[in-house]
Each structure stands twice: as C-alpha cells, then as structure tokens.
**Q** 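Pasting a structure below so you can have a look.
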Amino acid sequence: MREINTTQIKDKVKELFLKANYHIDQDLMQRLEEALKEETSSIGKSVLQMIIENNKIASSEEIAICQDTGLAVLFIELGQEVQIIDGDFTEAINQGVKEAYQEGYLRKSVVDDPVFGRKNTKTNTPAIIYTDIFPGDKIKFTVMPKGFGSENMSALGMLKPADGAEGIVNFVVETVRKAGPNPCPPTILGVGVGGTADKAMVIAKKAIARKIGIHNQNEKYAAMEKEALAKINNLGIGPAGLGGKITTLAVNIDYLPTHIAGMPVAVNVCCHAARHAEGIL
Ligand code: SF4
C-alpha cells in the first residue's frame with residue numbers, strides 16, 4: 001500500500017481550484033480563437049473578443065475568470081492500493097476547497113439549506129465529490145468550479161429506446177433552444193446517455209471536462225456530437241445570446257449500458273467559463 005496523507009490531498013485540491021478559477025485551458029482558448037474567425041455577426045465577434053481578453057487578463061493577473069466561481073465539483077479516481085493516513089479524506093478535500101476560495105478571493109456561493117434560510121456557509125463547502133475506485137497506487141483529481149447560470153439550464157430526459165439517435169439529438173438541441181441566453185453562451189455541453197437517471201447526469205457533467213476537439217471514440221456517438229453541434233449553431237442564439245453562429249463550442253457525449261426499458265439522456269450545460277483542472281498524487 002502507498003500512503004498518502006490528508007495534508008497532501010488538501011494542498012492538491014487547493015492548488016487545483018485556484019488554477020481552474022484563474023486559467024482557462026489552452027484547448028478552450030484555441031477553440032474560442034477559431035470561433036472568432038467562424039462567427040459572422042459583428043456583435044457575436046465582439047463578445048468572443050471580450051471573452052478571450054477576459055481569460056487572458058484573469059490568467060496573467062491570477063484573478064477569477066468569472067464572478068461566479070462556482071460550486072466545487074470533484075471527480076476522484078482513487079487507486080485501490082492507496083492508504084489515506086492522518087485524517088479524513090472528505091474533510092481534507094473540503095478544507096482544500098475552503099482555503100482556495102478564502103485565500104484566492106473567490107466568491108463563496110454555497111447555501112446550507114436549499115429551501116429554508118439559504119444561509120451562506122462562507123467556505124464554498126461542502127463540495128460535490130464523486131469517487132471511483134481504480135487499480136493502482138495514485139489518486140487522480142479532476143476539479144470543476146461549476147457556475148450555476150449554466151447548471152440551471154441542464155435537463156434530464158427519460159427517452160424511450162425507440163427515440164434512438166434522432167431523439168437524443170433533438171432533445172439536446174431543444175435543451176439549448178429553451179435555455180436561450182441564460183447559460184452564458186457559447187456553451188460546452190456534456191451529454192450522458194444510458195445508465196440510470198442519476199448516473200446519466202454524472203457522466204454528462206464529467207464529459208464537460210473532455211479536451212475540446214476530441215470526439216467519442218465510437219463513431220456513431222461522434223456523429224451525434226457533430227450533428228447536434230451543427231444544429232445548435234443554426235439556432236442563431238450566438239455569443240452571450242446576442243445573435244450569431246457560435247452558440248456552442250463542443251458537444252461531448254458519453255454513454256453507459258442501460259435497462260432494456262429505457263434510455264436516459266442528461267444534458268449538463270456549461271458556460272464559456274468551462275473551468276477545470278487535473279492533478280495526480
Ligand atoms: S454561467 Fe458561467 S459565465 Fe455565466 S455567470 Fe455563471 S460562471 Fe459566469
């Protein structure tokens with residue numbers, strides 16, 4: 001067994017949330033530059049220029065990309081040969097989030113009770129943590145500060161198996177059409193197909209972190225990604241919802257086996273501030 005102590009975990013989580021909130025990945029920056037060339041509307045072009053400029057300033061000055069610094073979401077791949085020592089795994093993660101948001105001047109956006117009181121916890125915790133066990137002696141972290149303007153536009157459809165690929169593409173396009181300007185377009189869409197209602201949304205959220213330009217390895221799913229993206233970018237919503245060709249930058253579909261009687265489809269919507277960072281201990 002390889003020992004990893006909770007201080008290392010806390011420090012890694014803190015480092016990754018600071019990085020994710022300040023620095024947009026190069027693949028997304030490159031896609032935004034391409035989108036600027038593809039966009040034909042002058043107001044759409046000007047919005048894309050502002051987004052690119054904003055991301056460059058945030059990175060060089062190490063300030064938040066957006067005022068909504070998100071709910072802290074983590075996907076953790078825990079090696080089964082790792083022994084966590086000197087404390088509690090979940091507490092260490094939450095402490096890392098708390099220190100990142102306090103020391104990095106990032107907005108704390110979590111309320112304790114979603115209905116009554118809605119009192120800010122003032123630490124941006126608890127984080128949303130998904131842990132999967134894998135072979136090996138390492139821990140891989142994917143952190144995602146998730147803004148809620150876009151999260152609020154997410155949708156789940158319990159489609160019928162007979163709806164097929166066409167039904168899935170239509171559901172994804174319709175979700176974006178209904179969202180209009182609300183999710184701060186241009187968006188990145190994570191789509192989860194199969195599993196259960198809950199699992200479909202989890203893989204949809206994880207799919208947002210896929211590198212832009214990489215399609216599903218299954219060519220039929222890759223074709224659905226391309227078809228959905230083309231149809232969405234014909235809706236005319238455009239950057240910031242002010243009209244134009246570029247409403248969505250990428251559609252990333254992942255899938256799982258499911259029950260004979262169903263076909264869950266989850267669309268997790270992410271804004272242009274698609275922030276995530278990865279690290280390994
Ligand atoms: S949806 Fe994204 S870009 Fe819009 S306010 Fe929230 S985090 Fe910022």
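The shown structure was predicted, so the numbers you read here are calculated from the model rather than taken from an experiment. Computed from heavy atoms alone, side chains included, the values below leave out hydrogens, waters and symmetry copies. Whatever order the structure lists ligands and atoms in, that order sets their numbers, starting from 1.
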**Q** Check whether any heavy atom of E151 sits under 4.0 Å from an atom of ligand 1.
**A** no
**Q** Which of the atoms in ligand 1, numbered in the order shown and given with their element, are less than 4.0 Å from a heavy-atom of G149?
**A** 1 (S), 6 (Fe)
**Q** Are E99 and K10 close enough for a salt bridge, meaning some N to O gap below 4.0 Å?
**A** yes
**Q** Applying side chain to side chain contact (heavy atoms under 4.5 Å, CB included) to I52 and M29, what does each step give before you reach the verdict?
**A** CA-CA 7 Å; I52 292 167; M29 283 301 276; 4.1 Å; yes
**Q** At what distance is the nearest protein heavy atom to atom 8 (Fe) of ligand 1, and which residue and atom is it?
**A** C66 SG, 2.2 Å
**Q** Decide yes or no on salt bridge (charged side-chain N to carboxylate O under 4.0 Å, His left out) for K211 and D25, but give the supporting numbers first.
**A** CA-CA 9 Å; K211 289 262 176 246; D25 272 3; 3.5 Å; yes
**Q** Going by an N to O cut-off under 4.0 Å, is there a salt bridge joining R31 and E34?
**A** yes
**Q** So between D68, N182, T69, whose heavy atom ends up nearest atom 6 (Fe) of ligand 1?
**A** D68
**Q** Quick one: does ligand 1 sit under 4.0 Å from the side chain of R275, the backbone, both or neither, non-hydrogen atoms only?
**A** side chain
**Q** So does C184 have any N/O/S atom less than 2.8 Å away from atom 2 (Fe) of ligand 1?
**A** no
**Q** Would you mind checking if K231 and E225 are paired as a salt bridge, meaning a charged N to carboxylate O distance below 4.0 Å?
**A** no
**Q** Distance under 4.0 Å to a non-hydrogen atom of Q67: what atoms of ligand 1 satisfy this?
**A** 5 (S)
**Q** Considering only non-hydrogen protein atoms, determine which one is nearest to atom 1 (S) of ligand 1 and report residue, atom name and distance to 0.1 Å.
**A** S150 N, 3.5 Å
**Q** I'd like to know if K138 pairs up with E77 as an ion pair, taking the criterion as any Lys NZ or Arg NE/NH1/NH2 lying under 4.0 Å from an Asp or Glu carboxylate oxygen.
**A** no
**Q** Between K12 and E278, is there a side-chain N and carboxylate O pair less than 4.0 Å apart?
**A** no
**Q** Only heavy atoms of G147, strictly under 4.0 Å: list the atoms of ligand 1 that pass.
**A** 7 (S)
**Q** What protein heavy atom sits nearest atom 2 (Fe) of ligand 1, and how far off is it?
**A** C271 SG, 2.3 Å
